[in-house]
Every structure is written in structure tokens, then in C-alpha cells.
Amino acid sequence: MLFKGQCHCGAIRVELKTDRTPSEQILGACQCSFCRKHNARAFSDPKAHVRLIAAEPSEVQRYAFGLRTSEQVICRRCGVYAAMTLTDEGKVWSVINIDTLDDRASFTGVPQPRHYDEEDREARISRRKARWCPTTLIGWPTSAPE
Ligand SMILES: [Zn+2]
């Protein structure tokens, strides 16, 4: 199944390819301060595939904090938080904000609270590579995040 979505204005598009139905999907509620301020419902599945498309690359704002192992992707124009990405050795993984998808209402799983504060840098990167969605970035800006 292919699910499509976007930020509010369409500058950032999100595509999720998965074999599971929306109601079977497990959603996370990461307890970090960034995700709580957005009240984000996170989705990741290593068997799924994500495409993040910068329809308007100049509107893609990337933000890093804490251990700075990932980048939060926010639309500069409309303010929607779209995804979080990890890039390593040319490969990309991501967690997406499931509420960017057109079919968001059909993802009915109760988001599970997740606490990752105790992780060190290495543990965090290896968990993400194991659990996040393999991702293709399209039209993505190449500058460093702010
Ligand atoms: Zn936007």
C-alpha cells in the first residue's frame, strides 16, 4: 500500500510504502521535548519504505538538538513537522509524523510512549538503523541543518 501526504502547504511531501494496513501499524509517542511540543504521532517500520520529497527545497527547514544524531524536518512556510531523518554513510532512515498523511485518521493505534533519554550516541544510532524506515530523499537541500 502506498500512503501519500504532505506538510500543510505542500512544500514537503511524504510517501509511505508498507504491507501492513493502517490499523495494524504501531505508533510511537516519543517523550523527547521536541516531539511532546508537537504532540507528534511517530511512525517507523524497518520493513516499510519512505520517500521524502522536497517539492520546494527552499522551504525545508532542518533542526538538530541534543546529541545531534538526527535532523527534524519542518516546513519553513507552514510550520508542519514532517519527519526526523538519520543519515549515515550515504544511507538515510526516517521516522515520519503519521499525521502528515492524507489517510491519517485510519491509523488508529494508540501511540506508545517511548523514553530514550538514557541512550548514548552509539546506542541511539544503532536503534534507529534497526527500527526506522529506510528512506529516499528527493530534491533535498544539501546544506547543514541549523
Ligand atoms: Zn508547508
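All ligand and atom numbering here is 1-based and tracks the order in the structure. As the structure is a prediction and not an experimental result, all values here were calculated from the model.
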**Asked** Which heavy-atom pair separates Gln25 from Phe107 by the least distance, and what is that distance?
**Response**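 Shortest heavy-atom contact: CG-CE2, 3.6 Å.
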**Prompt:** Which atoms of the protein, restricted to N, O or S, are nearer than 2.8 Å to the Zn ion (ligand 1)?
**Reply:**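 Near the Zn ion (ligand 1), the protein supplies Cys7 SG, Cys9 SG, Cys75 SG, Cys78 SG.
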Does a salt bridge link [X] with [Y], judged by any charged N lying under 4.0 Å from a carboxylate O?
| X | Y | value |
| --- | --- | --- |
| Lys47 | Asp19 | no |
| Lys4 | Asp102 | no |
| Arg77 | Glu56 | yes |

**Asked** Is NZ or CZ of Arg127 both nearer than 6.0 Å to the six-membered ring centre of Tyr116 and within 45° of the ring axis?
**Response**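 The answer is yes; both the distance and angle limits are met.
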**Prompt:** Is the CZ atom of Arg41 crowded by more than 12 outside heavy atoms at less than 6.0 Å?
**Reply:**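 Buried by this count: over 12 neighbours within 6.0 Å.
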